[in-house]
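Report on the structure given below.
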Amino acid sequence: MCGIVGIVGKGPVNQAIYDALTVLQHRGQDAAGIATCGEDGLNVRKSNGLVRDVFHTRHMLGLTGNIGMGHIRYPTAGTSQSSEAQPFYVNSPYGICLAHNGNLTNYDELADMLTGEDRRHLNTSSDSEVLLNVFAHELQKRVNGRPTAEQIFDAVDAVHSRCSGGYAVVALVVGHGIVAFRDPHAIRPLVIGQRETHTGNEYMVASESVALDVLQFERLRDVKPGEAIFIENAGVLHTREYSGETSYSPCIFEFVYFARPDSIIDNLSVYKARLRMGEQLAGQIVREWPDHDIDVVIPIPDTSRTSAVQVAYHLGVKYREGFIKNRYIGRTFIMPGQAERTKSVQHKLNAIELEFRGKNVLLVDDSIVRGTTSRQIIKMARKAGARKVYFASAAPPVRYPNVYGIDMPATAELIASGRTIAQIEELIGADRLIYLDLHGLIRSVRHDNSEITEFDTSCFSGEYVTDGVTEAYLQALEKARSDGAKSKRRADMKLTFSDEAADADTAVGM
């Protein structure tokens, strides 16, 4: 999962993009990048690390211009390489910088076609670079001179016809403006906003509406499935809906975990969805366990708080904060290895013994993926003196990999894969385990927007909304996403860096 932003302003946009990326930091902690364009041409700064660590004053001073884009990266392949920090750049036509949130499921086919038939060179294994080259190639075929909005939209339509998967894209076409578009199923989120100034309108696109809010842009609407947006340097807005086949199928896991609660995605409030998850979960507990002996409901911070409050309210029991979180530890879901995740959980949370001692505690989390966090936290609760520890998930069992840009682990590493709830309960050490069912989750999220065809619920249901997600593809994904494969890639990277350092030392010595 990544975060993207693009702005066409009436003055310098570097600080605005920085602020937007900071607000979207929860969507990725691996790398960050900003590209701007002004009278002095294109300016780019990108590197591994958090936004605050990548951009210093000297970098910000060099990011001049009134149009720009930004990206924060979460590595879908599970590796951290500065060479894959976005945005990516190609110099023809015009010079294009591009960043995207999502994953192309036909990456191999596209890469072969680009290098073999389109005669374009790829520097990395990133599907974002592939997407950039597909767009650049299709645009170059259509333009001779200054591009028109229709030519740009035709190129985007061609991207849709060639690319499969989930993607939200922002691109800076040097000297011309910002292009943004969303896949024909609208799996990954993208919203557009406007801000009025005394010199005219400024426009912004971003992964979540909260980025618009912090910069005081008015949220106009979500970008429609397959729709393309082109904002000229002068601030003229052009849009075109996709004429091909579409379905409105946003990823439901955005509402469960990834998005900030104060965001509006596809006209649906993330906060309201999580409140309703708590209501549905409480109702399920009452139906399945009417004689429960829960003394207190305690959330696992931070994402589950909203749901846990409603669970406690509807069960008529106390709600308490039982864990204190170290806010300087990253999100354990996207930690690259099992050892790092286990260590991170231990350093991330500390139990308040007073809230556990002698009580039957219901812990509420947003979801259970590997089970690493759940197991560790249940141990903490018992160590703090809980008499019984029950565990509730505000989402159904995660049994299948996500192929649209969320780096869920290999199927074998998903604790719910091939196991019953009773078996999972035993593995994590809970006295009782309750999952919100899928129908309850869908009812919780779909509280307003009637235009949505269906949700992408693939990680819960195993049903994928795009074609081409075959058993062979899933097996290849399994190999790439396993902790073992990721550990090998990190070891190879360390070896490469060591060799490069040795070569540098030798060169200096000579």
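We count residues from 1, following the sequence as given. Computed from a predicted model, the values in this text were never measured in an experiment.
- Residues Ile264 and Val270 have side chains not in contact (no heavy-atom distance under 4.5 Å, counting atoms from C-beta outward).
- In this structure, Ser367 and Ala395 approach most closely via the heavy-atom pair CB-CB, 4.1 Å.
- With Ser393 contributing its side chain and Tyr435 its backbone, the two residues share no donor-acceptor pair below 3.5 Å.
- In this structure, Arg260 and Val23 approach most closely via the heavy-atom pair CD-O, 3.7 Å.
- Within the 4.5 Å cutoff, the side chain of Val5 has heavy atoms near those of the Leu21 side chain.
- Of all the heavy atoms in Ala386 and Val361, the pair that sits closest is CB-CG2, 4.1 Å.
- With 3.5 Å as the limit, one finds no donor-acceptor pair spanning the side chains of His185 and Glu245.
- Note on Glu227 versus Arg221: salt bridge recorded, some NZ/NE/NH1/NH2 to OD/OE distance being below 4.0 Å.
- A distance-only check finds no donor-acceptor pair linking the side chain of Asp213 to the backbone of Phe217 [under 3.5 Å].
- Looking only at side-chain heavy atoms (C-beta outward), Asp295 and Lys388 stay at 4.5 Å or farther from each other.
- For Asp431 and Arg382, the salt-bridge test passes: some basic side-chain N is under 4.0 Å from an acidic carboxylate O.
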Discussion item. Could you walk me through whether Val309 and Leu275 satisfy the side chain to side chain contact (heavy atoms under 4.5 Å, CB included) test, starting with their C-alpha distance in whole Å, then the side-chain angles of each, then the deciding distance to 0.1 Å, before giving a yes or no?
Written reply: CA-CA 8 Å; Val309 167; Leu275 283 175; 5.7 Å; no

Discussion item. The test is side chain to side chain contact (heavy atoms under 4.5 Å, CB included); show your working for Ser249 and Phe455 and say whether it passes.
Written reply: CA-CA 5 Å; Ser249 310; Phe455 288 100; over 6 Å; no

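- Side-chain contact check for Ile7 versus Leu215: some heavy-atom pair is nearer than 4.5 Å.
- Looking at Gln284, its side chain does come within 3.5 Å of a backbone N or O of Asp437 through a donor-acceptor pair.
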Fill in: Derivation of the ring-ring contact (aromatic ring centres under 6.0 Å, His included) call for Phe258 and His26
CA-CA 7 Å; Phe258 269 105; His26 61 283; 8.4 Å; no

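- Separating the CG atom in Asn402 from the SG atom in Cys459 is a distance of 5.5 Å, to the nearest 0.5 Å.
- Between Asn101 and Cys2 the shortest heavy-atom distance is OD1-N, 3.0 Å.
- Screening Val134, Val179, Leu132 against Leu98 for a side-chain contact (heavy atoms from CB on, under 4.5 Å) leaves a single residue, Leu132.
- Here the side chain of His160 pairs no donor or acceptor atom with the backbone of Pro184 at under 3.5 angstrom.
- A donor-acceptor contact shorter than 3.5 Å links the side chain of His71 to the backbone of His100.
- Not a single side-chain hydrogen bond (donor to acceptor under 3.5 Å, both in side chains) links Ser209 to another residue, sequence neighbours left out.
- A donor-acceptor pair is defined here as one N or O able to donate and one able to accept, closer than 3.5 Å; no such pair exists between the side chain of Asn360 and the backbone of Ile294.
- When only modelled atom types and interatomic distance are considered, Tyr473 and Asn106 share no side-chain donor-acceptor pair under 3.5 Å.
- Proximity of a side-chain donor or acceptor of Arg446 to a complementary backbone N or O of Ile452 within less than 3.5 Å is detected.
- Ring planes of Tyr257 and Phe253: tilted class, angle from 30 to 60°.
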Fill in: Step-by-step side chain to side chain contact (heavy atoms under 4.5 Å, CB included) determination, Glu208 to Leu24
CA-CA 8 Å; Glu208 294 185 35; Leu24 295 174; 3.9 Å; yes

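- Annotation for Leu190 and Ala168: closest pair CB-CB, 4.2 Å, computed over non-hydrogen atoms.
- Cation-pi geometry between Lys224 and Phe181 is not met: the NZ or CZ atom fails to fall both under 6.0 Å from the ring centre and inside 45° of the normal.
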Discussion item. Would Phe391 and Ile434 count as a side chain to side chain contact (heavy atoms under 4.5 Å, CB included) here? Give the steps.
Written reply: CA-CA 6 Å; Phe391 204 95; Ile434 305 102; over 6 Å; no

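- Listed by chain and number, the residues in a side-chain hydrogen bond (donor to acceptor under 3.5 Å, both in side chains) with Tyr313 amount to none (sequence neighbours excluded).
- Looking only at side-chain heavy atoms (C-beta outward), Leu441 and Phe460 come within less than 4.5 Å of each other.
- A donor and an acceptor atom, one from each side chain of Gln280 and Arg443, are located under 3.5 Å apart.
- Proximity of Ile178 to Val170: side-chain heavy atoms (C-beta onward) are separated by under 4.5 Å at one or more points.
- A donor-acceptor pair under 3.5 Å is formed between the side chain of Gln423 and the backbone N or O of Thr420.
- Ion pair Asp302/Lys325 flagged as a salt bridge, since at least one NZ, NE, NH1 or NH2 atom sits closer than 4.0 Å to an Asp/Glu carboxylate oxygen.
- Defined by atom type and a distance below 3.5 Å, a donor-acceptor pair is present between the side-chain atoms of Glu279 and Gln310.
- A salt bridge links Arg305 with Glu321: the closest approach of a Lys/Arg side-chain nitrogen to an acidic carboxylate oxygen falls below 4.0 angstrom.
- Using a 4.0 Å cut-off between a side-chain N of Lys or Arg and a carboxylate O of Asp or Glu, Arg182 and Asp222 do not qualify as a salt bridge.
- The side-chain hydrogen bond (donor to acceptor under 3.5 Å, both in side chains) test applied to Ser458 returns Asp456, not counting sequence neighbours.
- Taking Phe323 as the reference, Phe356 meet the ring-ring contact (aromatic ring centres under 6.0 Å, His included) condition, with sequence neighbours excluded.
- At most 12 heavy atoms of other shown residues, nucleotides or ligands fall within 6.0 angstrom of atom CG in Asp467.
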Discussion item. Quick one, Arg188 with Glu254, criterion salt bridge (charged side-chain N to carboxylate O under 4.0 Å, His left out). Give me CA distance, side-chain angles, the key distance, then yes/no.
Written reply: CA-CA 9 Å; Arg188 298 269 65 89; Glu254 289 277 356; 3.4 Å; yes

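- Leu104 has its side chain within reach of Val130: a pair of non-hydrogen atoms, C-beta onward, lies under 4.5 Å apart.
- For the side-chain hydrogen bond (donor to acceptor under 3.5 Å, both in side chains) test, residues two or more places apart in sequence or in another chain that qualify with Thr466 are Tyr404.
- Counting only N and O atoms by type, the side chains of Tyr390 and Asp293 include a donor and acceptor under 3.5 Å apart.
- Legend: residues meeting salt bridge (charged side-chain N to carboxylate O under 4.0 Å, His left out) with Arg419, ordered by chain and number and at least two apart, are absent.
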Practice prompt. Please test Tyr248 against Asp266 for side-chain hydrogen bond (donor to acceptor under 3.5 Å, both in side chains), starting from the C-alpha separation and ending with a verdict.
Written response: CA-CA 9 Å; Tyr248 211 149; Asp266 293 308; 2.7 Å; yes

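- Using a 4.5 Å heavy-atom threshold, the side chains of Tyr203 and Arg195 count as separate.
- No side-chain donor-acceptor contact under 3.5 Å links Ser263 to the backbone of Ala259.
- One distance of note links NE2 of His447 with CZ of Arg276; it measures 6.5 Å at 0.5 Å rounding.
- Between Arg240 and Asp157, at least one side-chain N (NZ, or NE/NH1/NH2) sits under 4.0 Å from a carboxylate O, which counts as a salt bridge.
- Checked by atom type, the side-chain pair Glu84/Ser125 shows a donor-acceptor distance below 3.5 Å.
- Arg375 places no side-chain N or O within 3.5 Å of a backbone atom of Ile428 that could act as its donor or acceptor partner.
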